[in-house]
Amino acid sequence: MNKTRQILVTAALPYANGPIHIGHLVEYIQTDIWVRFQKMRGHRCIYICADDTHGTAIMISARQQGVTEEEFISHIHREHQSDFSGFDIEFDNYGSTHSEENFALCSEFWTAIEKAGLVKEQDIEQLYDPEAKTFLADRFVTGTCPKCKSESQYGDNCDKCGGTYSARDLVNPRSTLSGTKPEIRTARHLFIELEQLHTFLDEWTQSGEHLQPEIANYLRGHFLGEPFRDWDISRPAPYFGFEIPDNPGHYWYVWFDAPIGYVASTLQWCKLHGENVDDWWRNKACEIHHFIGKDITYFHTLFWPGMLKTAGFCLPTKVHIHGFLTVDGEKMSKSRGTFVRAATYLKHLEPGYLRYYYATKLSAKVDDIDLNLDEFVSKINADLVGKVVNLASRSAKFVQQQGLSDTYPEDGGLFAHAAKEGDLIASAYELCDYSQAIRRIMALADGANPYVEQNRPWELSKDPSKLGQLQDVCTVALNLFRQIAIYLAPVLPRLAIQCEQLLGEPVTDWKQSQTPLTGSPVNPFKHMIHRIDKPKVQAMIDESRDDALETTSDNVSSDSGDALAAEPLAEEITIDDFAKVDLRVARVIAAESIPEARKLLKLTLSLGGAQQRTVFAGIKAAYQPEALVGRLVICVANLAPRKMKFGTSEGMVIASGPGNSEVFLLSPDEGAVPGQRVH
RNA sequence: GGCGGCGUAGCUCAGUUGGUUAGAGCAGCGGAAUCAUAAUCCGCGUGUCAGGGGUUCGAGUCCCUUCGCCGCUACCA
């Protein structure tokens, strides 16, 4: 038989800067299913996670709320834990990177990395905000692009011309924190020379064992072909994180201490359970599996193995990488209401629905998965309610008096066939190909319902002489149901419990699927899974949209300061300065998409009469050209024409928003006519 | 532009190391049943497997190429 494995499983540490949403849940559910499966198989398996709590972003968020960082992250910690438990995600330990265990382990890693000669010091020039008293990461600086002179561009690159540069080169830079002009300061940073581990990482990533093939290819194409850049691992004070013991005033960069949090959280668990952390992290017999999203591939497949290797820990057995979630084919969006928080979902729907739906979509590939809301409803109603639960619901009440038959009846080989399928289903779970596992399980349900149909228990029940036959038929139906519930237990733990409540036997082990249950009582059937009403899904979407709107509505107290912070107020001007800008109402009379352009639409505007302007606007991602024709917009009519790649733009259409799909055109209230000036 | 991925029935997707008339679920149409949460059962699918070329006795499956979509990254990979 298969021997007992020792398996350590982690999911990525969620950043303690906001609530969990349905996109995050893809990973935690995927991982939870895998862990529950391994536990049912009798393996020794623990599921480790923690909040990722350090870094500038959290420091800033805490400041904005006027609380200490510790208060801020502990609030989020509680929120995250309740979100996860609401979805039946069962961590063995959910820690925090802001823990004494993590500090101790970071020190241990650090000492080993220094001893290996991988650390070097270098002075770098960086922008400093004297008012906020902090160095500024690129995303906290805006200014005018040194290449194309576009205004309010972020630190390291320009979305207008695509140019890249250093934040120090920005013309007229501003700190997004205080709005003041940053000064250039020199600071000493510590770097890890990852290049020294290049040969090792070539071998480890390309061995074919630890990574999905497309990931190995990606690394080969992007990073392995040239020397690795040094990794800037320290941040000068002030920084919310751990101060580096032998470098006072310097802190480990959040991405240094975050993965070590996996080990630290394991250590916490070990302390609680009288175990030794080395038995998990320095034991070749222990498998280590990381589940992550594709966005953090780089850290987990290059830096992290390098760190583990250098510090003498075991390397991951496998890094399982998944894609992103889209909703109805599009990126999750706050304005569309598809950016659904875990807590909002739970107000409207059962967690099992989402667990099951994700399971039907997940494979071992890195592909994005789509949450199609119509399909979501029909899958739950058709598969779970119509096929699976229906087996119990249509047979249990006939045998409440007698219970199950004492010997398992002849069933035409259905149970034996489904038992045999158990191996294939198990190997699909093992390989993270849940969609295949579910397909196989549903095929069993598709085989079971016709059995009930052919044997007509509802007719047998009317004839007292056929009581034994009735009991047999229901014994088969309930056993087929139980078998399916066992196979689905990693995905639907609540269904397994309901199965126990009905048949009196706890579902704990995969092997239970191989032997039918006989001679035991049957309890009254209770509803197990309610059908989904589409309106409930819609209500969830509506509430999510409302949540998002609240932050931009007239409810001043709940408006976030993010937008203003991202683009601080400009210098004061006089009324005369303003009068120089001639804003006019204009009607869009033609709008065409330029195939080669990623952002631009070509608009033809009418200012009334024969006055027309051709204007290129960077709104392609946000508006369909057809939808614009006929509407009124506000245009800067006296802006100097500008030659662009696809023609000359004779003006500018006024819009707000950060860019891409988040662009909002301004339009006048009803009654305005083209040509009117805006005063 | 580079790299990676994808492109199979109206929708969501399976198609194992190339091998008989390419599959499932949902939706749709027709019928049956009425035990069950209007759940279930039976029947109904001629899709240039994105286009073209090649390798092969044989390709959705391998190679080349074109087109389209997605992601990452950019006058470096």
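Order of the sequence lines fixes the chain letters, A, B, ..., with proteins taken first and strands second; residue numbering starts at 1 for each chain.
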Quick one: are the ring centres of A:His322 and A:Phe291 less than 6.0 Å apart? no
Work out how far the P atom of B:G19 is from that of B:G30, and round it to whole angstrom. 39 Å
Of all the choices, B:C13, B:C35, B:U37, which nucleotide is nearest to the side chain of A:Phe398 once you look at every atom? B:C35
For A:Trp34 and A:Tyr429, I'd like to know if the aromatic rings sit close, meaning centre-to-centre distance below 6.0 Å. no
Counting side-chain heavy atoms from C-beta on, which of B:C35, B:U12, B:U40 comes nearest to A:Asn449? B:U40
Provide the distance between the two P atoms, one in B:G52 and one in B:G47, to the nearest whole Å. 15 Å
Could you check whether A:Val366 gets within reach of a base, just the sugar-phosphate, or nothing at all, counting any heavy atom under 4.0 Å? nothing
What is the distance, rounded to the nearest whole Å, between atom CG of A:Leu444 and atom C1' of B:G25? 15 Å
To check you understand the geometry: which heavy-atom pair defines the closest contact between A:Asp88 and A:Pro493, and what is its length? CB-CG, 4.0 Å
Tell me whether the rings of A:Phe299 and A:Trp231 are parallel (<30°), tilted (30 to 60°) or perpendicular (>60°). tilted
If you measure from the P atom in B:A9 to the same atom in B:G15, how many Å do you get, rounded? 15 Å
If B:C44 has a Watson-Crick or G-U wobble mate with both distances under 3.5 Å, name it; if not, just say none. B:G28
Whole angstroms only, please: what is the OH-P distance between A:Tyr451 and B:U40? 19 Å
Nearest-Å distance once atom P is located in both B:U12 and B:U37: 33 Å
Looking across every strand, which nucleic acid part, if any, lies under 4.0 Å from A:Lys387 by heavy atom: base, sugar-phosphate, or nothing? sugar-phosphate
What is the base-pairing partner of B:C67, counting Watson-Crick and G-U wobble geometry with both distances under 3.5 Å? B:G7
Any salt bridge linking A:Arg482 with A:Glu505? Criterion: basic side-chain nitrogen under 4.0 Å from a carboxylate oxygen. yes
Give the rounded distance in Å between these two atoms: NE2 of A:His322 and P of B:C70. 22 Å
Suppose we define a pair by two distances each less than 3.5 Å, Watson-Crick or G-U wobble; what does B:U61 pair with here? none
Closest to the A:Arg229 side chain: B:U37, B:C76, B:U12? B:C76
Check every atom of B:C42, B:U37, B:A33 against the side chain of A:Pro450 and return the nucleotide holding the closest atom. B:C42
Just compare B:C35, B:C26, B:A36 and give me whichever is closest to any side-chain atom of A:Ser393. B:A36
How long is the line joining CD of A:Glu453 and C1' of B:U34, in whole Å? 9 Å
Taking B:A32 as the reference, what is the distance to B:U20 when you measure between their P atoms (whole Å, please)? 39 Å
Integer angstrom distance from the C1' of B:U61 to that of B:A38: 43 Å
For B:C35, give its Watson-Crick or G-U wobble partner with both distances under 3.5 Å, or none. none
Check the distance between B:C69's P and A:Asp370's CG and give it to me in whole angstrom. 18 Å
Please check if the distance between the ring centroids of A:Phe398 and A:Trp458 is under 6.0 Å. no
Pick the nucleotide of RNA chain B nearest each of A:Gln436 and A:Ser395; which residue has the one closer to the 5' end? A:Gln436
Distance check: side-chain N/O of A:Arg439 vs OP1/OP2 of B:C13, anything under 4.0 Å? no
Would you measure the distance from the C1' atom in B:A27 across to the matching atom in B:C13 and give it in whole Å? 14 Å
Just to be sure I understand the rule, does A:Phe324 reach a base, reach only the sugar-phosphate, or reach nothing, if contact means heavy atoms closer than 4.0 Å? nothing
Quick check for you: among B:C35, B:U37, B:G25, whose closest atom lies nearest to any side-chain atom of A:His527? B:U37
Looking at A:Lys361 and A:Asp370, is any side-chain nitrogen of the basic one under 4.0 Å from a carboxylate oxygen of the acidic one? no
Quick one: which of B:U37, B:C26, B:C35 gets closest to the side chain of A:Arg531? B:U37
Phosphate oxygens OP1/OP2 of B:G25: is one of them under 4.0 Å from a side-chain N or O of A:Lys379? no
Return the nearest nucleotide to the side chain of A:Lys365; candidates are B:U34, B:A14, B:U37. B:A14
Separation of A:Ile438 atom CD1 from B:C26 atom P, in whole Å? 15 Å
So A:Asn390, base contact, sugar-phosphate only, or nothing? Heavy-atom distance under 4.0 Å. base
Select from A:Met528 and A:Thr360 the residue whose nearest nucleotide in RNA chain B is closer to the 5' end of that strand. A:Thr360
Within the 4.0 Å heavy-atom criterion, would you say A:Ile215 contacts the bases, only the backbone, or no part of the nucleic acid? nothing
In whole angstrom, give me the gap between the C1' atoms of B:G25 and B:U21. 23 Å
Would you mind reading off the distance between A:Lys534 atom NZ and B:C26 atom P, rounded to a whole angstrom? 14 Å
Taking the basic N atoms (NZ, or NE/NH1/NH2) and the acidic carboxylate oxygens, is any pair closer than 4.0 Å for A:Glu350 and A:Arg355? no
Does B:A74 have a Watson-Crick or wobble mate here (both distances under 3.5 Å), and if so which one? none
Looking for any heavy atom pair under 4.0 Å, which part of the strands does A:Lys526 touch: base, sugar-phosphate only, or nothing? nothing
Sugar-phosphate only, base, or nothing, as touched by A:Met442 at under 4.0 Å among non-hydrogen atoms: nothing
In whole Å, I'd like the distance from the CG atom of A:Asp446 to the C1' atom of B:C42. 13 Å
